[in-house]
Amino acid sequence: MPAKTTTTPGPEADAPAEAVVPLMRGVAVLRELTGAGGAMRLSELERATGLARSTVDRVVATLVRMGYARLDGRDAILTPRVMELGNACLAALRLPALLGARADALADELDESVSLAVADRDGIRFIHQATRRRAMSLSFRIGDLLPAERTAPGPLFAAEWTDADWQRWRERRAADPEDRSFTAVPAAPHRAPDEDFVRRAERAAEEGWSLDDQLIEPGLVAVSVPVRAPGTRRVVCVANVVSHTSRHTAAELRDTLLPRLRTAVAAMEGELRRAPAADPGPPPAGLALWTGASKQELGREFIESLARGLTVLTAFGEGRAELTLTEVAKATGLARATARRALITYEHLGLVGPGRPRQTFALTPRVLSLGFPPLSRTTLPRIATPHLAALAERVHDSTALAVLTDGGDEIQYTAGVATHHLMSVDMTVGTRRPARLTAAGRVLTGRYEGGFAFVDEELEQGLRSVAVPVRDRTGRVVAALGIATHTARRTAEECVRDLAPELTATAALVEADLRVAARFTRVPLS
């Protein structure tokens, strides 16, 4: 899908007097990076945001310090750590955790892609995806925003819109008739009359389901059913089955898959009724102290008000869906005045809204626009590669990530960074080696002690290798990080003394990124 250009208004436009301008600028940079797929040249960020280059440089430097981005030459690149902002939103929402397994089971049963979507003003935003892998597969990601009128879930949400909601929708349609502001979808080939969507919403209200017959893109069809909250019966999310006309027509979706979707939705509503109250885990701690220390270390290049503002979002989470100002300040360690100004800023930007109890605040699904979509389909090799590159630069030897093959007797390299020596070690991606003769293989088959494995000239004369495990969120070993060197470069003692600690530290960084990335998404190992 070709990239679309958008014109971003100045981030301070119409902002309240107490809004935090550096925070608005940081959010603008994150949104532009998100819309560009997670990476942009600094000069492009300058043009897209309308900010001065010096401001862009300081914003990016702050994001790098927070671990939300990294610099590769003149490119700013989002990192998995930024997903903690979206994770806070999804955890507070609870729907992916409560309903995701039901959506996954339905996708397996139907052999079709199934998603869960929530309303985001006059659009819909995905919060869970169970995607079938085919040559023609669903390309939408968790966090992607779509115009309501071009989707199956849209009419079901619109059935509950107020007059103000409809007015806002019409204003957006008039200002953006080709949907250029929705970077996740192709531009609208032609504009359907507004009354078409009004009628679809009325029909959805009467029938309790909705159909998308190639509204987003030719060949794409979908059917949706609302999931309603216990007691109020308001729509909390919509379950959506997506297919292609080569597999099902829209009519076939309605006739054959809709009954099974309704059964699954009934089970989802049962899960909501039975769900116990959320257990609020500990909020993040020491954030205000960390930002203060970073400001002292980096000086003017670190925008403390931006970093502190972003930490406010992480105060929310499971069991902390609605927080008072006092609770936000306590969770972050920020002064009440600082937390208050950040919340005012987020209300202006549509990232925070009023909670259900009076005097509380809640995150909106728009928080997912801050870096989540382009990283929601990351892989372990993509997560590991920047860390492997940094490690290779420090130790001046080739580094690699390996996984165990299905047979269990071989390893396969899935990521690697080579160093430039006349005698180089072949750790090319895709290469297989016998597991019993490699350090990575011994890690992956459980044959290692002291947290690492060392192999001395067993695979090939003159070759030494060291490897450590990489563990997932459950503690299971899923991959191995390794360094290979020549006997002429390091003694066996030096390999153990110098390389094993470097590998252990690097594996910890990879695991930290993996924990964040895999909280609400599947992270393939290769």
- Task: Decide yes or no on side-chain contact (heavy atoms from CB on, under 4.5 Å) for V403 and V478, but give the supporting numbers first.
- Result: CA-CA 7 Å; V403 297; V478 294; over 6 Å; no
- side chain to side chain donor-acceptor pair (under 3.5 Å) between E112 and S243: does it pass, once the steps are laid out? CA-CA 6 Å; E112 298 289 355; S243 188; 3.1 Å; yes
Tell me if a side-chain donor or acceptor on [X] pairs with a main-chain N or O of [Y] at a distance below 3.5 Å.
X    : Y    : result
T62  : I303 : yes
T34  : G371 : yes
R200 : P155 : no
Q412 : G430 : yes
R74  : R41  : no
T311 : R308 : yes
T263 : P259 : yes
Q214 : G219 : yes
R102 : A266 : no

For a 4.5 angstrom cut-off between non-hydrogen side-chain atoms, does [X] reach [Y]?
X    : Y    : answer
F316 : F361 : yes
L145 : S369 : no
L156 : W209 : no
V516 : N87  : yes
R121 : R168 : yes
N240 : V225 : no
V20  : P22  : yes
L380 : L401 : yes

State, to 0.1 Å, how close [X] and [Y] come at their nearest heavy-atom pair, and which atoms those are.
X    : Y    : answer
S376 : R141 : OG-CB, 3.3 Å
S210 : A204 : CB-CB, 4.4 Å
A201 : A159 : O-CB, 3.8 Å
R180 : A187 : CZ-CB, 3.8 Å
A315 : L323 : O-CD1, 3.5 Å
D513 : R81  : OD1-N, 4.3 Å

- Message: Under the criterion side-chain contact (heavy atoms from CB on, under 4.5 Å), I'd like the reasoning laid out for L42 against D75: C-alpha separation, chi angles, the key distance, then a yes or no.
- Response: CA-CA 6 Å; L42 295 174; D75 293 338; over 6 Å; no
- Query: Have D212 and T151 got a donor and an acceptor in their side chains that come within less than 3.5 Å?
  - Reply: no
- Show the numbers, then the answer: is there a salt bridge (Lys or Arg N to Asp or Glu O under 4.0 Å) between E160 and R228? CA-CA 12 Å; E160 296 182 345; R228 299 185 181 275; 3.6 Å; yes
Going from [atom1] on [X] to [atom2] on [Y], what distance comes out if it is rounded to the nearest 0.5 angstrom?
X    : Y    : atom1 : atom2 : result
F157 : R234 : CZ    : CZ    : 11.0 Å
R515 : M83  : CZ    : CE    : 14.0 Å
I344 : L23  : CD1   : CG    : 11.5 Å
L45  : T55  : CG    : OG1   : 12.0 Å
Y346 : T364 : OH    : OG1   : 11.5 Å
F372 : L30  : CZ    : CG    : 14.0 Å

- Task: Quick one: do E269 and R233 satisfy salt bridge (Lys or Arg N to Asp or Glu O under 4.0 Å)? Show the steps, please.
- Result: CA-CA 10 Å; E269 292 178 343; R233 301 299 296 163; 3.8 Å; yes
- Message: Students often mix this up, so state it plainly: with edges at 30° and 60°, are the rings of W169 and F197 parallel, tilted or perpendicular?
- Response: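 Taking F197 first and then W169, their aromatic rings sit tilted (interplane angle of 30° to 60°).
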- Message: Please determine whether the number of non-hydrogen atoms from other residues, nucleotides or ligands lying under 6.0 Å from atom CZ of R519 exceeds 12.
- Response: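 Correct, the count exceeds 12.
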- Message: I'd like to know whether V64 forms a side-chain contact (heavy atoms from CB on, under 4.5 Å) with L71, so could you lay out the CA-CA distance, the side-chain angles of the two residues, the decisive distance to 0.1 Å, and finally the verdict.
- Response: CA-CA 7 Å; V64 169; L71 280 172; 4.3 Å; yes
Salt-bridge contact [X]-[Y] (side-chain N to carboxylate O under 4.0 Å):
X    : Y    : result
R356 : E322 : yes
E327 : R320 : no
D194 : R173 : yes
D472 : R476 : yes
R150 : D179 : yes
R247 : D111 : yes
D120 : R366 : yes
E511 : R473 : no

- With sequence neighbours left out, what residues match R262 under salt bridge (charged side-chain N to carboxylate O under 4.0 Å, His left out)? none
- Message: Please evaluate residues C237 and L99 with respect to the criterion side-chain contact (heavy atoms from CB on, under 4.5 Å), reporting the C-alpha separation (whole Å), side-chain torsions for both, the decisive distance (0.1 Å), and the verdict.
- Response: CA-CA 10 Å; C237 71; L99 309 182; 3.8 Å; yes
- Task: Mind running salt bridge (Lys or Arg N to Asp or Glu O under 4.0 Å) on R191 and E149 for me, showing each step along the way?
- Result: CA-CA 10 Å; R191 174 174 169 159; E149 68 275 7; over 6 Å; no
Would you mind writing out the side-chain donor-acceptor pairs for residues 103-110 within the sub-3.5 Å range, not counting sequence neighbours?
unit_1 : atom_1 : unit_2 : atom_2 : d
D104   : OD1    : H128   : NE2    : 2.8
D104   : OD1    : R522   : NH2    : 3.2
D104   : OD2    : R522   : NH2    : 2.7
D108   : OD1    : R132   : NH1    : 3.2
D108   : OD1    : R132   : NH2    : 3.2
E109   : OE2    : R260   : NE     : 3.1

